[in-house]
Structures are given as structure tokens and as C-alpha cells.
Novice: 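Mind having a look at this structure? Questions to follow.
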Number of protein chains: 2
Amino acid sequence: MRSEDLAKLIGVSRSTITRVINNYPDIPQATREKVWKAIEKYNYAPNASARKLAGAKNKMIAIVVLDVKSDAPHHLKTTDDTLIHNNPFFAPVINAVSDQANKLNYYVIISIVYSREDLKKVESIFNQKMIEGAIFVGTQEEENEFIFKLIKQGYKIAMIDTSAVYSKEHNAIYINPDNYEGSAKAVNHLIELGHENIGIITGSLNKLSAKERLDGFKETLSYNGLKLSEDHIFQGDFTEDSGYEGIKYIFNASNMPTAIFISNDTMAIGAYKAITELGLTIPDDISIVGFDNSFIAPYLTPPLTTIDISFADIAKRATTLLINSIEAKEQNGIVEKINATLINRKSCKRI
Amino acid sequence: MRSEDLAKLIGVSRSTITRVINNYPDIPQATREKVWKAIEKYNYAPNASARKLAGAKNKMIAIVVLDVKSDAPHHLKTTDDTLIHNNPFFAPVINAVSDQANKLNYYVIISIVYSREDLKKVESIFNQKMIEGAIFVGTQEEENEFIFKLIKQGYKIAMIDTSAVYSKEHNAIYINPDNYEGSAKAVNHLIELGHENIGIITGSLNKLSAKERLDGFKETLSYNGLKLSEDHIFQGDFTEDSGYEGIKYIFNASNMPTAIFISNDTMAIGAYKAITELGLTIPDDISIVGFDNSFIAPYLTPPLTTIDISFADIAKRATTLLINSIEAKEQNGIVEKINATLINRKSCKRI
DNA sequence: CTGAAAGCGCTTACAG
DNA sequence: CTGAAAGCGCTTACAG
């Protein structure tokens with residue numbers, strides 16, 4: 001059914017149908033009701049392509065998830081040996097974006113990017129005018145040029161879990177976890193439990209999140225008058241293996257720490273293995289705090305005390321701001337951090 | 001840039017541009033090349049809405065995930081207290097659909113349905129002519145009417161992880177895991193280890209998957225000349241709690257089994273708890289096989305031997321068949337089952 | 001082989 | 001307050 005058909009059925013012009021649907025002012029209540037009743041009755045819905053072509057917004061955004069293979073804690077194989085995305089952020093982010101967009105009457109196209117080649121396909125989504133804007137997840141510095149070009153073309157862009165540094169003039173929406181606060185909470189927890197000799201396994205320090213987590217760690221330590229000896233810092237790379245190595249390295253130190261802050265849960269898994277191999281037990285011999293509150297954290301033995309950053313909250317906020325920005329027709333640079341909270345489980349002991 | 005602009009630039013008509021892009025025959029190679037070169041050079045992409053409006057397919061499908069809250073093993077809360085979808089199938093299914101669609105040059109809209117209300121929104125995606133077809137995940141019998149209506153309207157539909165019974169005349173594409181085969185593999189594994197007295201905790205028997213798993217279990221047992229006593233069957237409902245209760249129930253039997261097949265991993269978690277509470281250990285006192293190979297299975301103590309059904313494979317196959325069906329313009333009913341495989345870990349012992 | 005023209009179903013000035 | 005008409009950027013018969 002076309003608007004014209006519906007119009008004839010109730011004796012108005014199709015302009016009137018459009019006006020009612022799009023909530024134009026100056027339409028008598030009676031007309032409004034007549035039209036809406038007919039819309040319901042005949043289950044009429046305006047053709048999305050026709051609307052968009054005629055100049056209306058199509059209420060479509062994309063969620064673009066950048067390849068996070070290297071960060072994924074576990075790999076599953078599909079039949080043709082491509083990795084599937086098993087990053088713990090994936091499900092909550094997709095879910096929250098979809099739910100929030102839906103709530104605001106928007107539709108979302110999903111796109112997962114594994115390569116430069118794939119980025120071209122994403123570009124074509126914009127070029128074909130399929131969407132008004134997009135949320136990018138996990139971009140690195142390298143993608144900035146691509147993204148800023150899109151913004152210049154008038155598209156609205158939100159970025160979450162970006163490791164690229166924010167630049168005000170580019171007018172993107174940046175929503176990130178408060179990594180600094182998260183580390184601070186981890187350290188404060190340990191200090192409250194009486195720990196004074198605390199080590200750290202960092203993430204890849206070319207990533208913003210790893211840097212912020214390290215900063216929060218160091219500054220909270222020094223704020224509390226505690227020292228950090230060089231051989232209690234191990235630079236990991238967010239992988240399970242580097243967590244394992246980190247423990248082996250730190251436990252070689254002359255003066256062993258009583259607690260270790262590990263910059264993500266994936267590395268904590270490796271750390272647990274190394275600690276078990278050394279014949280030590282958590283938390284009796286060593287207290288551990290992780291970061292991310294990944295889905296496996298409660299299933300480790302002992303359950304891992306860790307920092308929760310709600311990726312659902314981040315994604316939801318990004319979606320809201322993106323859609324606001326689309327409706328407002330103007331993009332203003334926005335930077336927000338989402339709170340981190342400590343999830344207290346069984347991997348720390350009072351000393 | 002519009003096709004007309006591009007056409008003028010290289011001295012052809014816009015019909016020619018269209019014909020080259022859409023691979024019409026009878027165009028001289030020279031023209032083809034000239035047009036493609038210009039397309040690349042000016043980064044031209046046809047407007048998706050205009051194409052669709054003019055009658056072309058828009059290469060857009062939807063993945064519709066039905067509310068699986070009740071089945072979800074773990075719940076996370078978003079700020080406004082709505083549950084987020086933490087079902088273990090979610091990520092691999094979305095990922096595989098997106099990847100496969102992308103490979104076939106299709107785009108995918110994601111929609112998560114929590115209520116009847118939400119289903120109306122899904123319907124409007126069709127009514128607005130946004131998509132050519134969709135993959136439904138986790139539909140129940142109740143949604144059948146809705147889905148068959150769509151098929152009658154000419155949309156192509158694939159269904160995965162459906163608990164509704166297949167009906168040939170409705171011409172949908174059904175891709176499901178081979179639950180029967182999975183159970184058979186679980187039982188055979190236990191039999192090979194010497195077990196002859198095997199119990200089962202079933203899922204909700206109003207679900208097809210639970211029924212199939214039970215059938216595979218029973219028939220493999222009897223095929224091997226083994227008996228199943230009534231008090232070794234507990235009817236669970238796929239939740240952790242029912243796994244816990246199942247153990248308590250079965251261990252009350254006069255003649256305790258040496259092994260239990262548990263119809264999903266979530267219930268196995270509850271079973272592990274109950275067994276620990278009873279002061280027994282896995283696998284020394286009792287062998288356990290789960291089903292689903294969920295992401296926590298390897299992190300349980302001991303790591304859970306379970307049946308893997310690749311939801312990525314299922315989703316990928318469904319995507320391929322759906323798109324074939326769209327391109328072929330005709331939908332034929334298709335039913336396929338995807339193989340299940342045993343993942344051997346540490347929860348079973350030879351006796 | 002290729003161009004001119006109709007038409008897809010809307011939205012939006014333009015009139016009245 | 002409301003209708004008639006132009007126009008959005010394509011695709012597809014229709015001619016030639």
C-alpha cells in the first residue's frame with residue numbers, strides 16, 4: 001500500500017498523510033485521528049527508500065566493530081578457519097546499541113571489520129547513503145583519518161573503546177571507560193586490605209587504556225605514600241601468555257609483592273596458571289585484582305576480584321549521544337568517561 | 001555525486017553507468033573499463049534508496065534475535081535494569097551472520113526482540129521495505145504465525161535455534177544443531193569409558209532441542225543394550241538451579257549412576273555445585289558430560305567435557321541459504337542439521 | 001550497443 | 001489548513 005492509496009481511501013491527499021505521520025503542526029485533531037486510524041487499519045508504513053530519497057532522514061545508524069582479534073581472550077574457529085569474534089565486549093555492546101537505538105526508533109546495521117579491505121565496505125555504506133552516522137568500536141590511531149573524513153562529510157560519529165587520542169577539533173563523540181578511576185579503585189581496595197607492596201602487569205602501552213590504567217595505578221600508589229619498585233612492573237600486552245610471563249618475571253624480584261594488579265582479566269588467567277605452577281595459592285600467598293570483569297572472572301578458582309566497566313553503559317550512552325547529534329544536525333565534540341566499579345570476589349586477602 | 005554527473009564526466013548516459021555497475025551483458029570491454037575507472041576515481045556509489053525505489057534489491061537482511069532471557073546462564077544489568085543479552089549463542093551468531101553476509105555483499109540490520117511490542121517494530125522493518133529477508137533466532141511456536149505471514153508476503157525467512165516444529169508447507173529455511181547426534185556422542189563417549197549406569201538431566205521438554213537430546217540419549221542407551229531407570233531421569237529446565245536440583249534428585253536413587261548426561265552446560269554448573277556440596281568429586285565419584293560447549297565450560301573445575309554445536313556454523317549456513325533464496329526469487333523449504341562434536345575435557349573418568 | 005523517458009513512493013516548497 | 005506538482009537518484013522497458 002502506498003500513501004496515495006491510503007489517501008484515496010479516506011479522502012485526503014497524500015501530502016496530508018505525510019504531514020500527519022511526520023507530525024506537522026496546524027492539522028486539525030479530527031484529520032489527525034482519521035489518518036492514524038486508517039494507518040493502523042491498513043497497516044500502512046511509508047516506504048523507507050522513498051522517504052530517504054525525498055530528503056527525510058532514514059533513522060539508520062551503523063555499529064562498526066573493529067577487528068579485536070589480537071585482544072580476544074579465547075578463539076573459536078568457524079569451519080573456514082576465520083576467527084569469530086569472541087571478545088567479551090562484543091555482546092553487551094551490540095546488545096546495548098541495538099536496544100537503545102530501538103528505543104529511539106532507529107535501526108542499526110552491524111559491520112565487523114577485520115582488514116583495510118573491510119573498511120572500504122564500511123565506507124561504501126556511507127557513500128550509498130544508507131546511514132546517518134555510526135558508532136565505531138575499538139579504532140586505533142590509524143583509523144582516525146578515515147573517521148575524520150566522514151565527519152567532514154557531515155556524518156555523525158561516536159567512538160567507543162578507542163585507543164586513539166581525542167582531538168577536540170575533530171568533533172567526534174568519545175565515550176570511554178574511566179580506566180584511571182578503575183585502577184585507583186583496585187589499588188585502594190588493596191591498600192585497605194593492608195597491602196603496601198603491590199606490583200602491576202600492564203597492557204600494551206601503545207594503547208590508551210593500558211596507559212591510563214598504569215597512570216591510575218602509579219598515582220594512587222604515590223598519593224598513598226607507597227613506592228613501586230622497577231622489578232614489580234611487567235609490561236604485558238593484554239594476552240593470557242603475557243600474564244603468565246608477568247608473574248614469572250615479578251616473582252623473580254628480590255622483594256616479592258603481596259599483591260598484583262593485572263590490567264585485564266585475560267592476563268589474570270595466565271597469571272593464575274603461573275601462580276599455580278609456582279606452587280603458590282591465591283589469595284593466601286598473593287592477592288590479585290583484574291580489570292574488565294569479563295564473563296570468566298566469576299568462574300576462575302578463586303573467583304577473580306576485578307574492575308567492572310560496563311560496556312553496555314558505554315554503548316548505550318554513545319548511541320544516545322549519536323542520535324541526539326543526528327537529530328540536532330550539528331556535531332559537537334563530546335568526551336565522556338563511564339564509571340568503573342570494583343567487583344569484590346575471592347582473589348584478595350587482608351594482611 | 002550522482003550517476004548523471006559521472007555520466008557527463010566521461011561522456012556516456014546514466015543508463016550505461018547503471019548497466020556497467022549491474023553487470024549487464026553486451027557492453028564493450030572498453031566502455032566497461034572506462035566506467036569502472038571513473039567510478040573508482042570519483043569514488044562514486046549509487047544511492048541505495050534510489051536503487052531500491054527504482055526496483056533493485058537492496059541487499060539488506062535482518063537478524064532478529066528473540067528474547068532468550070529465560071535461557072541465559074548469566075545476567076548482567078544495564079543501568080536501567082533491563083537485562084542484557086548474555087546468551088552464549090549471541091556473539092557467534094551475530095558475528096557469523098555479519099561476516100557471511102558481508103562476504104556475499106549483503107548488509108545486516110540487527111534487531112533484538114524482548115516482547116510482542118518489539119515484534120511490531122520488526123514487522124515495520126518489513127513493511128517499510130527495508131529488507132529482503134531475515135534470519136530469526138530462537139523463535140517459539142507462538143511466532144510461527146507471524147513468520148509464515150511474512151513468507152506469504154514474499155519475504156525470505158531462515159530460522160535457527162527454533163523450538164517450533166518444522167512444517168514443510170511453510171517454506172522456511174530451518175537450520176538446527178543435530179541434538180540427537182550430540183546426545184548420542186555424549187552417551188557413546190561414556191559407554192566407551194566403561195559406564196553402564198548413566199543418568200540424565202533434561203531441558204524443558206516443551207522445547208524441541210530438549211526433546212531431541214533426550215531421544216538421542218535414550219535410543220543410544222537402548223541401542224547399546226543399556227537400561228535407564230526412572231529415578232535416573234530428572235526433568236530440568238535449562239537453568240542452573242534445575243541442574244542443582246537434578247543432582248540432588250538423582251543422588252537420592254537407590255542405585256546411583258556412575259555418570260550423568262546434562263542437557264546443557266548451564267545446568268552442569270548447578271550440578272557441579274550440588275556435587276561439591278555432597279562432598280563428592282568429579283570425575284572420581286561421578287562423570288559428567290554437558291551440552292553446548294559454552295564459554296565457561298573450560299573454566300569449570302574440572303573443565304567440562306561437553307558437546308559442541310557450532311552456532312557460528314549454523315548461522316553461517318543460514319545466511320548463505322537465505323541469500324541464495326533471495327537471489328533465486330523463490331523460497332523452498334529447507335531443513336538442515338549441523339554436526340555436533342564431543343569436546344573431551346576432564347569431567348569423565350574410565351571405570 | 002546505447003540514449004531518452006517513465007516511474008518507483010515519498011517530502012516539501014508553492015499556491016490558494 | 002490542504003492539494004497539485006516538482007524532484008530526490010536510480011532502473012528498466014522502449015526505441016533506434
Side-chain angles (χ1 to χ4, degrees), chain A residues 1-36 38-39 42-60 107 124-132 154 327 329, chain B residues 1-36 38-39 42-60 107 124-132 154 327 329:
Chain A
M1 156 156 313
R2 303 164 308 141
S3 65
E4 174 129 39
D5 303 327
L6 192 72
K8 275 201 186 117
L9 244 24
I10 58 173
V12 299
S13 74
R14 63 195 206 283
S15 318
T16 300
I17 306 277
T18 291
R19 289 192 183 104
V20 169
I21 287 179
N22 294 329
N23 236 292
Y24 275 55
D26 301 328
I27 301 166
Q29 194 52 29
T31 311
R32 235 180 248 288
E33 274 165 21
K34 183 169 65 174
V35 171
W36 274 119
I39 288 173
Y42 297 100
N43 210 7
Y44 168 75
N47 181 304
S49 299
R51 294 189 84 175
K52 172 71 173 171
L53 188 58
K57 298 236 179 67
N58 65 352
K59 287 172 174 282
M60 188 86 87
Y107 301 93
S124 95
I125 295 179
F126 286 94
N127 283 341
Q128 293 176 247
K129 306 292 178 211
M130 288 179 149
I131 55 179
E132 310 285 344
E327 312 252 281
K329 281 209 165 232
Chain B
M1 156 156 315
R2 304 164 307 142
S3 64
E4 173 131 39
D5 303 327
L6 193 71
K8 277 204 184 114
L9 244 24
I10 58 173
V12 298
S13 73
R14 62 194 205 284
S15 319
T16 300
I17 305 278
T18 292
R19 290 193 182 103
V20 169
I21 286 180
N22 295 329
N23 236 293
Y24 275 54
D26 300 329
I27 300 165
Q29 194 53 28
T31 310
R32 237 179 247 288
E33 274 165 22
K34 182 169 66 175
V35 171
W36 274 120
I39 288 172
Y42 297 101
N43 209 6
Y44 167 75
N47 181 305
S49 300
R51 295 188 84 175
K52 172 72 173 169
L53 188 59
K57 297 238 180 67
N58 66 353
K59 287 172 173 284
M60 188 88 87
Y107 300 94
S124 95
I125 295 178
F126 287 93
N127 282 342
Q128 294 175 248
K129 307 289 179 213
M130 287 180 149
I131 55 179
E132 311 284 344
E327 312 252 282
K329 282 212 166 227

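Order of the sequence lines fixes the chain letters, A, B, ..., with proteins taken first and strands second; residue numbering starts at 1 for each chain.
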Novice: Could you state the atom-to-atom distance from CG of B/L53 to P of D/dG7 in whole Å?
Specialist: 17 Å
Novice: Is there a side-chain contact between A/L6 and A/M1 (heavy atoms, below 4.5 Å)?
Specialist: yes
Novice: Rounded to the nearest 0.5 Å, what's the gap from NZ on A/K59 to CD on B/Q128? Could you check?
Specialist: 10.0 Å
Novice: What integer distance in Å separates A/R2:CZ from C/dG7:C1'?
Specialist: 11 Å
Novice: Look through every strand shown and name the nucleotide pairing with D/dC14 as Watson-Crick or G-U wobble, where both distances are under 3.5 Å.
Specialist: C/dG3
Novice: Indicate yes or no: at least one non-hydrogen side-chain atom of B/M60 is less than 4.5 angstrom from one of B/I125.
Specialist: no
Novice: Output the rounded distance in Å from CG (A/N47) to C1' (C/dG9).
Specialist: 6 Å
Novice: Rounded to whole Å, please give me the gap between CD1 in B/I21 and P in D/dC10.
Specialist: 8 Å
Novice: Within the pair A/Y44 and C/dG9, is there a side-chain N or O less than 4.0 Å away from OP1 or OP2?
Specialist: no
Novice: The side chain of A/V12 is closest to which nucleotide in this list: D/dG3, C/dG9, D/dT11?
Specialist: D/dG3
Novice: Does some side-chain heavy atom of B/N43 sit less than 4.5 Å from a side-chain heavy atom of A/N127?
Specialist: yes
Novice: Can you list everything that forms a side-chain contact (heavy atoms from CB on, under 4.5 Å) with B/R32? Sequence neighbours excluded, please.
Specialist: B/V20, B/N23, B/I27, B/Q29
Novice: B/K57 NZ to D/dC10 C1': how many Å, rounded?
Specialist: 16 Å
Novice: How long is the line joining CD of B/Q29 and C1' of C/dC1, in whole Å?
Specialist: 14 Å
Novice: Does B/T18 have a side-chain nitrogen or oxygen under 4.0 Å from the phosphate oxygens OP1 or OP2 of D/dT11?
Specialist: yes
Novice: For D/dT2, take OP1 and OP2 only and decide whether either is under 4.0 Å from a side-chain N or O of A/T31.
Specialist: yes
Novice: For nucleotides 13-16 of chain D, give me every protein contact, N/O to N/O, under 3.5 Å, one pair per line with atom names.
Specialist:
{"unit_1": "D/dA13", "atom_1": "N6", "unit_2": "B/R19", "atom_2": "NH2", "d": "3.0"}

Novice: Hey, is the side chain of B/S3 poking within less than 4.0 Å of OP1 or OP2 on D/dC10, counting only N and O atoms?
Specialist: yes
Novice: Between A/D5 and A/K8 (salt bridge meaning N to carboxylate O under 4.0 Å), is one present in this structure?
Specialist: no
Novice: Taking the nucleotide of DNA chain C with the closest heavy atom to each, which residue, B/R14 or B/G11, is nearer the 5' end?
Specialist: B/G11
Novice: Find the distance B/N58:CG to D/dT11:C1' and express it as a whole number of Å.
Specialist: 14 Å
Novice: Without decimals, in angstroms, what is the distance between A/Y24 OH and D/dC1 C1'?
Specialist: 14 Å
Novice: Can you confirm whether B/T18 sits close enough to B/S15 that some side-chain heavy atom of one is under 4.5 Å from a side-chain heavy atom of the other?
Specialist: no
Novice: If you assign B/P28 and B/G55 each to the DNA chain C nucleotide with the nearest heavy atom, which residue ends up on the more 5' nucleotide?
Specialist: B/P28
